[in-house]
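I have placed the structure first, in the form of structure tokens, so that the comments after it can refer back to it.
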Amino acid sequence: MVISKAGRDKDKRFIIVDVIDDKYVSICDGNLRKAENPKKKKLMHLRLTNNIAEKLTGETKVSDFEITELLKSMEVNEEV
């Protein structure tokens, strides 16, 4: 999971769905940015929060609902 440090989406949470190259990744939030249409973002404009790569590896697709629920649960955990 990452938090945007720059742009109109600053301070919003996203999931990295694809690594494009050493400078760019594709991100989505399952709500405004769906998995079918991820946003291309520079790594330097993102802050990594934790490593959930093990949940996203494999050939199974992650649904928009799963991404949204994960982001919501992370917000609740940070408020405590």
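We find the CG-NZ distance between Leu43 and Lys5 to be 10.0 Å, quoted to the nearest 0.5 Å. Rounding to the nearest 0.5 Å places OG1 of Thr68 at 9.5 Å from CG of Leu32. In this structure, CZ on Phe14 lies 8.0 Å from CZ on Arg33, to the nearest 0.5 angstrom.
Side chains of Ser4 and Asp9: a donor on one and an acceptor on the other come within 3.5 Å. No side-chain donor-acceptor contact under 3.5 Å links Lys39 and Ser26.
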>> Please evaluate residues Lys12 and Ile3 with respect to the criterion side-chain contact (heavy atoms from CB on, under 4.5 Å), reporting the C-alpha separation (whole Å), side-chain torsions for both, the decisive distance (0.1 Å), and the verdict.
In response: CA-CA 6 Å; Lys12 292 188 180 179; Ile3 297 175; over 6 Å; no
> When you look at Val2 and Ile27, which way does the side-chain contact (heavy atoms from CB on, under 4.5 Å) test go after all the steps?
Replying inline: CA-CA 9 Å; Val2 295; Ile27 59 174; 4.3 Å; yes
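Lys23 has its side chain out of reach of Lys42: every pair of non-hydrogen atoms, C-beta onward, lies at least 4.5 Å apart. Side-chain contact between Val25 and Ile20 is absent, with no heavy-atom pair separated by less than 4.5 Å.
In this structure, Asp29 contributes its side chain and Asn31 its backbone to a donor-acceptor pair below 3.5 Å.
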